[in-house]
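Quick caveat: nothing in here was measured; it's all calculated off a predicted structure. By convention here, the first residue in the shown sequence is residue 1. Whatever order the structure lists ligands and atoms in, that order sets their numbers, starting from 1.
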Amino acid sequence: MVKTMQSKGLQLFILLSVISMASCKQEVKKDIVNEELEPTGYYVEPYRSQYHFTPEEKWMNDPNGLVYTDGEYHLFYQYYPDSTVWGPMHWGHAVSKDMMKWKHKPVALFPDEHGLIFSGSAVMDHNNTSGFGTEDQTAMVAIFTYHDMAGEQAGNKDFQTQGIAYSLDNGDSWTKYEGNPVIGNTGIKDFRDPKVFWNDKAETWTMLLVAGDHLQIWNSPNLKEWEKVSEFGKEQGAHGGVWECPDLFPLKIEGTNEIKWVLLISINPGAPNGGSGTQYFIGDFDGETFTSDQVEHKWIDLGRDNYAGVTYNDAPNDERVFIGWMSNWDYARDTPTDKWRSAMTVPRELTLRKVNDDVLLCNYPLKSFESHVAMAYPESVLEILPTRKRIMPLKYGNQSKIQFTLSVPNAQMYFRNKNGDSVSIDVDRDKKVVTFDRRKSGKVDFSEKFAPGVQQMKIPSIPDGPIEIMMLLDHSSLELFINEGQYVMTNQIFPNEFFRALTIVNNSENELKIEDFTEHKVERVWD
Ligand code: FRU
């Protein structure tokens with residue numbers, strides 16, 4: 001009897017152990033599955049960019065106040081700390097030594113009695129023209145647009161004015177100027193996004209301001225008193241939407257001593273592939289007036305997700321450093337991320353290049369990007385017969401830099417995953433066009449405007465001979481650079497799984513040679 005009870009007890013013990021082991025096993029398995037679907041931890045949520053800047057949480061749009069000082073790049077940005085959709089604007093803040101690894105800082109500028117804090121710029125007032133600085137500390141001065149929500153809702157037109165604030169601890173704490181606004185409004189509905197820089201030609205501060213359909217240029221000796229000196233653009237450039245986020249800077253044409261001035265103007269809507277886009281003008285600036293005889297419209301990026309980009313003041317090594325908001329007002333509020341919304345492009349250097357008879361503004365990842373690129377896999381030369389294809393397995397498909405040269409005029413490249421999602425890029429040098437198709441790239445139905453059709457980029461100045469292709473894949477973006485930034489397409493994508501292969505199809509009559517094919521892992525920048 002005792003023996004039977006003992007053996008029954010043993011059986012029960014074994015049964016319970018098996019059950020508990022089984023449930024333990026199940027637990028572990030469940031965790032692994034959940035981990036894959038919804039990873040947890042710092043900066044690892046679904047679609048979280050691993051090497052592009054995103055705010056820790058909540059809504060972000062335009063980069064603001066880009067200024068370099070004391071070894072650090074400051075990135076301020078349009079930020080709404082209470083929601084993942086646009087709302088009352090603040091300036092968020094982060095700093096970086098190389099523009100790849102960022103350190104988050106407290107919110108810099110809060111709305112006040114004059115209104116919300118819209119886009120703008122920042123300068124280091126080295127000569128203390130404003131009087132805000134002290135003997136030991138140069139003032140960082142932010143120049144921004146005040147947006148008076150009540151005024152707008154009341155149907156007024158003068159609800160945007162310009163204000164300034166200063167910081168004596170490199171952007172950690174701010175004091176608003178008591179004389180704000182420094183530029184009032186005389187009835188222009190869209191009057192915003194001041195970009196200020198030190199103007200060597202006129203020995204003055206210069207402010208670029210957009211006023212609906214044109215640019216205004218204002219000068220000031222001290223950042224407080226401003227005088228309008230010229231206008232540009234009523235009759236020039238694309239006008240499918242309101243002009244926003246201007247920038248103006250000199251660049252030397254590569255390989256020459258010729259200097260041209262470049263004006264950036266973002267417009268929304270009215271971009272060639274729909275919604276928001278950034279056009280540029282090449283011309284001259286005499287210290288007061290910008291002129292350009294450019295007739296055709298030129299765009300810095302023909303993808304759909306590079307908007308409101310501007311450049312750094314005081315960047316080292318004479319580099320013209322650009323960063324853009326990697327989204328589009330057509331669907332920015334709807335993208336399928338939970339905790340935060342949207343990312344910035346990788347930092348890019350802007351250069352001017354003469355190609356055939358044309359001068360193009362090129363944008364290509366900053367040199368510091370390369371120090372975050374890890375091992376290469378593999379490096380090879382491939383030959384593909386006409387009409388045939390080659391499937392290249394990707395090792396780091398979610399977080400990689402893929403680079404190669406294409407020898408023939410026409411080729412199609414597409415990424416595919418096991419889920420059947422795909423992104424296709426078709427280079428047709430006969431027709432001089434690149435087509436980017438993200439219609440089946442994964443989650444696309446969060447907005448009808450995300451992928452209503454394919455995107456097209458004209459490449460009129462593409463030279464004969466091999467072309468260089470570079471693609472940067474992160475968890476929710478694909479940036480395509482042709483010939484070192486001569487033509488660029490930046491696009492968000494939301495695949496259901498990572499891409500594990502790149503297929504290259506030869507659409508030409510000759511054998512396709514792919515040289516120096518490499519896939520590099522790009523390191524995650526968040527600790
Ligand atoms: C551009 C823009 C700016 C404005 C800001 C508001 O995306 O519309 O013109 O200052 O966003 O958040």
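The protein atom (non-hydrogen) at minimum distance from atom 8 (O) of ligand 1 is E244 OE2, 2.9 Å.
Taking all atoms of both residues into account, the shortest heavy-atom contact from A142 to L109 is CB-CD1, 4.1 Å.
Atoms of ligand 1 found under 4.0 Å from any heavy atom of R192 (numbered from 1 in listed order, with element): 3 (C), 4 (C), 9 (O), 10 (O). Every atom of ligand 1 with a heavy atom of Q78 under 4.0 Å away is listed here by number and element: 5 (C), 6 (C), 12 (O). Below 4.0 Å from some heavy atom of D193 lie the following atoms of ligand 1, by number and element: 3 (C), 4 (C), 9 (O), 10 (O). Residue Y307 approaches ligand 1 through these ligand atoms, each under 4.0 Å from one of its heavy atoms: 1 (C), 7 (O). Proximity to M89 (heavy-atom distance under 4.0 Å) selects the following atoms of ligand 1: 12 (O).
Taking the six-membered ring for Trp and thresholds of 30 and 60 degrees, F159 and H147 have ring planes more than 60 degrees apart, a perpendicular arrangement. Relative ring orientation between F53 and W102 is described as perpendicular, the plane-to-plane angle rising above 60° on a 0-90° scale split at 30° and 60°. Between W205 and W198, the ring planes are perpendicular. Angles over 60° get that label, and only those under 30° would be called parallel.
Looking at T145 against ligand 1, nothing comes within 4.0 Å, counting heavy atoms.
Inspection of the W329 and N268 side chains reveals no N or O donor paired with an N or O acceptor under 3.5 Å. For the 3.5 Å distance criterion, the side chains of H372 and D98 qualify, holding a donor opposite an acceptor.
Contact annotation: D62 has at least one heavy atom less than 4.0 Å from an atom of ligand 1.
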